[in-house]
Amino acid sequence: MQLLRVIMPRGKGSEFMKILKDDGAMGITCFYGYGSATSAILNALHTDRIRKEIVMAIMDEEKSKKILDDIKEKLRQTNTAIAFTSPLDYKGEDELNIEYVAMYVIVDRQEGQKAVKIAQDNGAKGATLVHGRGAGRQQKSILLNMNIEPEKDIVIMLVKKELMGPIKNAIYEEMNLEDENKGIIYSLPVMEVRGLIEQNN
């Protein structure tokens with residue numbers, strides 16, 4: 001089984017979800033986030049956040065190529081949209097011949113932009129920021145008999161494999177992630193990519 005993620009400008013998610021559903025993808029979900037590009041691009045746009053939608057789905061490995069081919073033209077038309085897949089059953093036992101990895105950084109709310117900046121300083125071209133809530137037992141507080149879960153930032157980055165180590169180490173050290181409850185970093189191998197602007201540019 002493969003996990004597909006499609007990141008696109010806000011308002012395009014329904015079109016992609018229909019294609020995925022028609023092609024037999026399962027567990028299709030869409031949520032909102034914000035994209036961050038390099039400083040030069042952001043300065044030209046006079047903004048530091050670009051509204052995004054993230055569509056996620058699960059699909060059989062044999063269907064993945066057809067699904068990716070079916071959305072390839074839609075990705076080209078949409079502009080700045082990317083799609084990528086990762087194996088759900090990968091346990092790190094084999095060295096995969098891959099070019100990209102998907103990195104995830106989960107930190108406290110308002111810390112995500114710092115992680116993005118550190119990543120960009122170390123070679124990442126962009127990232128998508130999603131807001132969520134944590135459920136760690138020791139992080140909850142009680143107010144008027146209600147559990148209050150801390151808000152979190154989730155940063156999703158597609159980076160070249162050779163950049164993963166420097167980016168991970170820089171974020172880990174500069175954000176003190178060795179301290180308890182400060183955040184986590186993990187990565188997934190990326191098997192297929194569509195719509196990606198070359199990161200060497």
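Everything quoted here is computed from the prediction, not taken from an experiment.
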CD1 of Ile50 to CG of Leu129, rounded to nearest 0.5 Å, is 12.0 Å
Would you mind reporting whether Ile184 and Leu177 have side-chain heavy atoms less than 4.5 Å apart? no
**Request:** Can you establish whether the number of heavy atoms outside Lys114 located under 6.0 Å from its atom NZ is more than 12?
**Result:** yes
One should read off an interatomic distance between Asn122 CG and Asn169 CG, to the nearest 0.5 angstrom, of 9.0 Å
Closest non-hydrogen contact found for Ala115 with Val105 is CB-CG1, 4.2 Å
When Lys152, Glu151, Arg109 are each screened for side-chain hydrogen bond (donor to acceptor under 3.5 Å, both in side chains) with His131, the one that passes is Arg109
So the ring-ring contact (aromatic ring centres under 6.0 Å, His included) pairs with at least one residue in residues 169-190 (sequence neighbours excluded) are Tyr104-Tyr186
* Any side-chain heavy atom of Ile71 sitting closer than 4.5 Å to one from Phe16? -> yes
Interatomic distance, NZ@Lys63 vs CG@Leu4, rounded to 0.5 Å, equals 13.5 Å
The salt bridge (Lys or Arg N to Asp or Glu O under 4.0 Å) partners of Glu15 (sequence neighbours excluded) come to Lys74
Lys21 meets the salt bridge (Lys or Arg N to Asp or Glu O under 4.0 Å) criterion, sequence neighbours left out, with none
Rounded to the nearest 0.5 Å, the CZ atom of Arg51 sits from the OH atom of Tyr34 at a distance of 7.0 Å
Asp70 meets the side chain to side chain donor-acceptor pair (under 3.5 Å) criterion, sequence neighbours left out, with Lys66
Taking every heavy atom of Val6 against every heavy atom of Ala83, the minimum-distance pair comes out as CG2-CB, 4.0 Å
Rounded to the nearest 0.5 Å, the CE atom of Met17 sits from the CD atom of Glu53 at a distance of 8.5 Å
For this session: Go through the steps to decide whether Val107 and Met175 satisfy the test side chain to side chain contact (heavy atoms under 4.5 Å, CB included), and finish with yes or no.
Result: CA-CA 9 Å; Val107 290; Met175 299 189 72; 4.0 Å; yes
Of all heavy-atom pairs linking Ser64 and Met59, the shortest is CB-CE, 3.4 Å
Residues at least two apart in sequence or cross-chain that pass side chain to side chain contact (heavy atoms under 4.5 Å, CB included) with Lys18, listed by chain then number, are Asp22
Minimal heavy-atom distance between Gly123 and Leu163, with the atoms involved, is O-CD1, 3.5 Å
By salt bridge (Lys or Arg N to Asp or Glu O under 4.0 Å), Arg10 pairs with (sequence neighbours left out) none
> Mind checking whether Ile82 and Leu158 have side chains closer than 4.5 Å, heavy atoms only?
Replying inline: yes
Sorted by chain and number, sequence neighbours left out, side chain to side chain contact (heavy atoms under 4.5 Å, CB included) with Ala119 holds for Ala124, Met157, Ile167, Ile171
Flag the pair Val55 / Leu20 as yes when at least one side-chain heavy-atom distance between them is below 4.5 Å, and no otherwise.
yes
* Asked: Do Val130 and Ile156 come close enough that some side-chain heavy atom pair is under 4.5 Å?
  -> yes
Those residues at least two apart in sequence (or on a different chain) that pass salt bridge (Lys or Arg N to Asp or Glu O under 4.0 Å) with Asp69 are Lys65, Arg194
Contacts of Ser86 meeting side chain to side chain donor-acceptor pair (under 3.5 Å) (sequence neighbours excluded), chain-then-number -> Arg5
Heavy-atom closest pair (Met8 atom, Ala81 atom, distance to 0.1 Å) is CB-CB, 3.9 Å
Please examine the side chains of Val159 and Val101, heavy atoms only from C-beta on, and report whether any two atoms are closer than 4.5 Å. yes
For Lys72, the side chain to side chain donor-acceptor pair (under 3.5 Å) test, sequence neighbours excluded, returns none
Sorted by chain and residue number, the side chain to side chain contact (heavy atoms under 4.5 Å, CB included) partners of Met1 (sequence neighbours excluded) come out as Met26, Ile58, Asp60, Leu88
Do Met103 and Ile185 have side-chain heavy atoms sitting under 4.5 Å apart?
yes
- Are Tyr100 and Lys160 side-chain neighbours, meaning at least one heavy-atom pair lies under 4.5 Å? yes
Applying side chain to side chain contact (heavy atoms under 4.5 Å, CB included) to Met191 and not counting sequence neighbours gives Gln2, Thr85, Pro87, Leu96, Ile98
- Going only through I, L, V, M, F, W and Y residues with side-chain contacts under 4.5 Å, is there a path from Tyr32 to Ile7? no
For Ser187 and Met164 the tightest heavy-atom approach is OG-SD, 3.3 Å
